[in-house]
2 protein chains.
Amino acid sequence: MQFSKSTDYAMHALIHLAHSERRHNVGIKELSATLGVSESYLSKIMSKLRQDGIVRAVPGVNGGYELARPAEQITFLDVIQVIEGRQQLFECSNSNSRQHGMLAEEGAARPGKSECLVEKVMDGAERHLHQYLRDHTIQSVLDEAFKRCGHEANKK
Amino acid sequence: MQFSKSTDYAMHALIHLAHSERRHNVGIKELSATLGVSESYLSKIMSKLRQDGIVRAVPGVNGGYELARPAEQITFLDVIQVIEGRQQLFECSNSNSRQHGMLAEEGAARPGKSECLVEKVMDGAERHLHQYLRDHTIQSVLDEAFKRCGHEANKK
DNA sequence: TTTATCATGGACATTGTGGGTCTATATTAA
DNA sequence: TTAATATAGACCCACAATGTCCATGATAAA
């Protein structure tokens with residue numbers, strides 16, 4: 001259970017875009033050189049981000065990528081869901097086994113779907129995780145970086 | 001990014017053990033039949049749980065598995081870490097790229113390790129997740145199941 | 001002591017997916 | 001028109017998840 005490298009690449013690419021916002025569109029060459037990832041692979045990731053409306057892309061000379069909306073409106077959750085997909089973290093593969101019957105045995109005779117209690121806990125965990133990831137944005141990382149720089153400067 | 005089926009199996013196996021605690025040791029046959037998973041595969045999972053001190057196993061006639069400690073002392077996190085491993089959820093593969101230099105560029109000249117700010121956020125997320133998973137135990141699932149049964153009974 | 005019952009560990013097969021490259025094609029600015 | 005750029009698709013490889021099978025070892029009951 002780990003986040004993929006693609007998520008890592010996507011996050012850093014977006015941070016770079018946010019940081020170069022004012023200047024110009026950022027081409028795949030520049031991104032690739034900055035992150036140390038091949039152009040081929042990185043462009044796959046950027047395409048995904050475009051398809052989901054996180055970035056815009058313009059082809060042709062002086063083309064490249066830019067954020068499709070302000071950096072404070074791009075959350076960690078947004079990015080992760082684009083790259084990792086939106087399946088739930090945990091799915092009980094056990095729905096019709098005897099296990100769930102066991103857990104509800106005295107309750108009996110209820111015809112409706114019996115929900116898996118393990119899944120219920122895990123879904124709770126996932127909701128918490130999502131909330132945390134919604135509270136952190138590309139912009140919040142930039143702010144943190146600037147704050148750190150300022151701190152460094154003050155110390156000097 | 002999903003939890004493996006093995007984690008699912010492990011959770012349900014432990015719940016079954018907790019539920020049958022008073023009676024006798026539970027053999028792999030019974031577990032296998034209850035969960036609908038092959039004995040071969042399930043025994044691999046049970047071995048892992050034993051190696052990490054979650055369950056005890058006794059071979060021989062009338063042998064089988066039992067919880068190695070009370071169900072309220074076996075957390076979701078315990079089980080997940082046994083099955084999924086203990087690597088962190090997110091690792092920045094980018095430590096010496098130009099990206100991190102960029103983020104600290106005005107701060108400059110600090111020789112020490114520059115921590116990845118993306119990783120920092122993700123580590124925070126992981127800590128939250130872990131805390132949630134520590135707060136839920138095998139016993140808490142059983143309690144929930146019993147509560148549900150009682151509720152059903154009252155309605156009748 | 002023997003034997004039936006149980007768990008363990010290793011070897012192996014299969015499949016899917018993450019991670020990655022390469023090439024052809026479409027689009028745009030100069 | 002041409003050079004620069006993104007896009008889409010065809011491939012590739014390595015590795016992990018999932019699973020089976022078999023030999024071995026430990027144990028209690030007979």
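Here is how names work: the chains are called A, B, and so on, in the same order as the sequence lines, proteins then strands, and each is numbered from 1.
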Nearest listed nucleotide, side chain of N62(A), among dT7(D), dA29(C), dT18(D): dA29(C)
Plane angle bin for Y9(B) and Y41(B) - parallel if under 30°, tilted between 30 and 60°, otherwise perpendicular: perpendicular
Straight-line distance of L31(A) CG to L42(A) CG, nearest 0.5 Å: 5.5 Å
Summary of salt bridge (Lys or Arg N to Asp or Glu O under 4.0 Å) pairs that have at least one residue in residues 118-138 of chain B, sequence neighbours excluded: E144(A)-K120(B)
Nearest-Å distance for atom pair CZ/C1', residues R56(A) and dT27(C): 17 Å
Residue pair D78(A) / T75(A), side-chain donor-acceptor N/O under 3.5 Å: yes
Geometric class of the F76(A)/H136(A) ring pair [parallel <30°, tilted 30-60°, perpendicular >60°]: perpendicular
Any Y65(A) side-chain nitrogen or oxygen under 4.0 Å from OP1 or OP2 of dT7(D): yes
Sugar-phosphate only, base, or nothing, as touched by S47(B) at under 4.0 Å among non-hydrogen atoms: sugar-phosphate
Whole angstrom value for the distance that separates P of dC6(C) from CD of E30(B): 11 Å
Sugar-phosphate, base or nothing in reach of Q51(A), heavy atoms under 4.0 Å: sugar-phosphate
Sugar-phosphate only, base, or nothing, as touched by S38(A) at under 4.0 Å among non-hydrogen atoms: sugar-phosphate
Of the listed nucleotides dC6(C), dG9(C), dT8(C), the one nearest the side chain of P59(B): dC6(C)
Proximity to the side chain of K44(B) - top-ranked nucleotide from dT5(C), dT18(D), dT20(D): dT20(D)
Spacing between K5(B) atom NZ and dT17(C) atom P, to the nearest angstrom: 11 Å
Reported OG1-to-CD distance for the pair T7(A) and Q81(A), which is rounded to 0.5 angstrom: 11.0 Å
Sugar-phosphate only, base, or nothing, as touched by V58(B) at under 4.0 Å among non-hydrogen atoms: sugar-phosphate
5' precedence on DNA chain C between V37(A) and S40(B) (nearest-nucleotide basis): S40(B)
Side-chain N,O (R50(A)) to OP1/OP2 (dT7(D)) below 4.0 Å: yes
Of the listed nucleotides dT28(C), dG18(C), dT18(D), the one nearest the side chain of V61(A): dT28(C)
OP1 or OP2 of dT18(D) under 4.0 Å from side-chain N/O of S6(B): yes
Separation of dT21(C) C1' from I28(A) CD1 (nearest whole Å): 14 Å
Integer-rounded Å distance: dA6(D) P and L49(A) CG: 13 Å
Residue whose closest nucleotide on DNA chain C lies nearer the 5' end, G60(A) versus S43(A): S43(A)
Value in whole Å for how far the P atom of dA17(D) lies from CG of D8(B): 15 Å
Separation of atom NZ in K29(A) from atom P in dA6(D), rounded to whole Å: 9 Å
Separation of dA7(C) P from K48(B) NZ (nearest whole Å): 18 Å
Sugar-phosphate, base or nothing in reach of Y9(B), heavy atoms under 4.0 Å: sugar-phosphate
